[in-house]
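First up is the structure itself, then whatever we jot down about it.
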Amino acid sequence: MRFAPGVPGCGAGRTSPPSPGGRSRSTHYAAFREVGRVIRTVQLLRYLTDAPLRRRVTAATNKVESFNRFSQWVGFGNQGVLADNDPVEQEKAMKFNALLTNAVIFHNALDIAEIVRQLLQEGWEIDPEDLAHISPYLTEHIKRFGEYSTHELGIQPEAYDPKLDVDFTQLRDQNLRAEGFGTAA
């Protein structure tokens with residue numbers, strides 16, 4: 001928060017001069033603070049009483065934590081510590097790590113899709129529920145400190161085929177019918 005020391009009437013702890021008419025803005029601040037507390041309390045009570053909401057929040061939190069763990073694993077240089085104090089260099093390092101993480105996730109998703117296609121061609125039946133539990137944050141097949149060849153960089157890859165012959169509509173319908181999904185507070 002910035003202070004305005006050069007503005008008359010702005011003493012310690014105040015960020016702006018008094019509002020026109022001489023009334024202090026602190027009454028408005030106090031009112032909005034109380035409204036915020038009420039909203040926070042309502043949301044907390046809703047969270048405590050709504051089991052499906054808690055499951056969705058927990059699932060989303062677990063996904064975010066898994067992504068962050070995976071991103072940290074991919075960005076192994078200096079154990080995630082940004083050694084440079086320059087904000088531009090820090091932003092470059094973070095964006096490079098995000099780009100590299102997303103590239104590895106995309107590669108993993110391509111590998112998973114190719115394996116599913118092979119299994120379907122061999123006659124296996126693929127349950128969409130099983131696919132919903134596969135994570136793209138796989139690390140076992142990645143050689144972080146291995147030897148990498150650059151002679152393949154000029155090879156044009158095959159076009160990506162995003163279609164899988166798996167019917168995901170039952171998962172979508174199941175999620176839409178989930179108890180408490182989309183209910184208003």
Side-chain angles (χ1 to χ4, degrees), residues 36 39-82 90-150 152-185:
I39 291 171
R40 188 172 53 236
T41 302
V42 168
Q43 291 300 324
L44 180 60
L45 291 173
R46 180 175 173 229
Y47 177 81
L48 292 174
T49 59
D50 189 354
L53 174 64
R54 285 196 308 272
R55 282 193 295 273
R56 287 194 309 274
V57 168
T58 300
T61 303
N62 289 341
K63 286 178 186 176
V64 169
E65 288 176 357
S66 295
F67 175 83
N68 288 336
R69 252 190 325 275
F70 183 73
S71 180
Q72 188 174 19
W73 184 86
V74 168
F76 56 88
N78 207 14
Q79 298 175 348
V81 176
L82 298 173
Q90 290 175 347
E91 186 177 7
K92 282 183 193 176
M94 290 186 300
K95 287 191 178 205
F96 174 74
N97 188 41
L99 177 65
L100 185 59
T101 300
N102 288 324
V104 173
I105 290 170
F106 182 67
H107 186 274
N108 286 343
L110 290 176
D111 289 347
I112 291 169
E114 184 58 34
I115 291 169
V116 169
R117 283 189 191 92
Q118 288 174 3
L119 290 172
L120 288 170
Q121 285 177 352
E122 293 173 9
W124 289 83
E125 186 175 323
I126 304 296
D127 185 11
E129 187 74 34
D130 293 337
L131 284 179
H133 294 287
I134 294 177
S135 170
Y137 307 136
L138 307 173
T139 59
E140 293 81 16
H141 66 290
I142 300 172
K143 297 180 192 177
R144 288 171 58 189
F145 304 109
E147 295 178 13
Y148 296 95
S149 171
T150 58
E152 297 174 348
L153 291 177
I155 298 174
Q156 182 74 21
E158 295 178 18
Y160 169 65
D161 181 14
K163 295 183 181 91
L164 283 177
D165 291 329
V166 178
D167 183 19
F168 289 102
T169 56
Q170 65 184 4
L171 284 179
R172 186 173 34 247
D173 295 342
Q174 181 182 17
N175 284 341
L176 291 176
R177 288 190 310 265
E179 180 184 344
F181 185 75
T183 58

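All values below were derived from every heavy atom in this structure, side-chain atoms included, with hydrogens, water molecules and symmetry-related copies excluded. Bear in mind that the values here come from a model prediction, so they are computed numbers and not experimental data.
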So do I134 and V116 actually touch side chain to side chain, heavy atoms under 4.5 Å?
no
Compare every heavy atom of I105 with every heavy atom of P136, then report the nearest pair and how far apart it is.
CB-CG2, 3.9 Å
Supply the atom-to-atom distance R56 CZ to D50 CG, rounded to the nearest 0.5 angstrom.
6.5 Å
Audit row: V74, I142, side-chain contact (heavy atoms from CB on, under 4.5 Å) steps and yes/no:
CA-CA 10 Å; V74 168; I142 300 172; 5.8 Å; no
Looking only at heavy atoms, what is the nearest atom pair of L53 and Y47, with distance?
CD2-CA, 3.8 Å
Non-neighbouring partners of T61 that pass side chain to side chain contact (heavy atoms under 4.5 Å, CB included), sequence neighbours left out:
V57, E65
Sequence neighbours left out, what pairs pass salt bridge (Lys or Arg N to Asp or Glu O under 4.0 Å) with at least one residue falling in residues 95-105?
E91-K95
Please table the atom pairs, donor to acceptor, closer than 3.5 Å between any side-chain atom in residues 155-165 and protein atoms at least two apart or in another chain.
{"residue": "D161", "atom": "OD1", "partner": "K163", "partner atom": "N", "Å": "3.3"}

Residues 100-116 vs side chain to side chain donor-acceptor pair (under 3.5 Å), sequence neighbours excluded, gives S71-T101, H107-D111, N108-H141
Separation of Q121 CD from R117 CZ (nearest 0.5 Å):
9.0 Å
Listed partners of K63 passing side-chain hydrogen bond (donor to acceptor under 3.5 Å, both in side chains), at least two apart:
none
Can you name the side chain to side chain contact (heavy atoms under 4.5 Å, CB included) partners of L119, sequence neighbours left out?
I115, E122, W124, I126
For F96, does the CZ atom sit with more than 12 other heavy atoms under 6.0 Å from it, leaving out its own atoms?
no
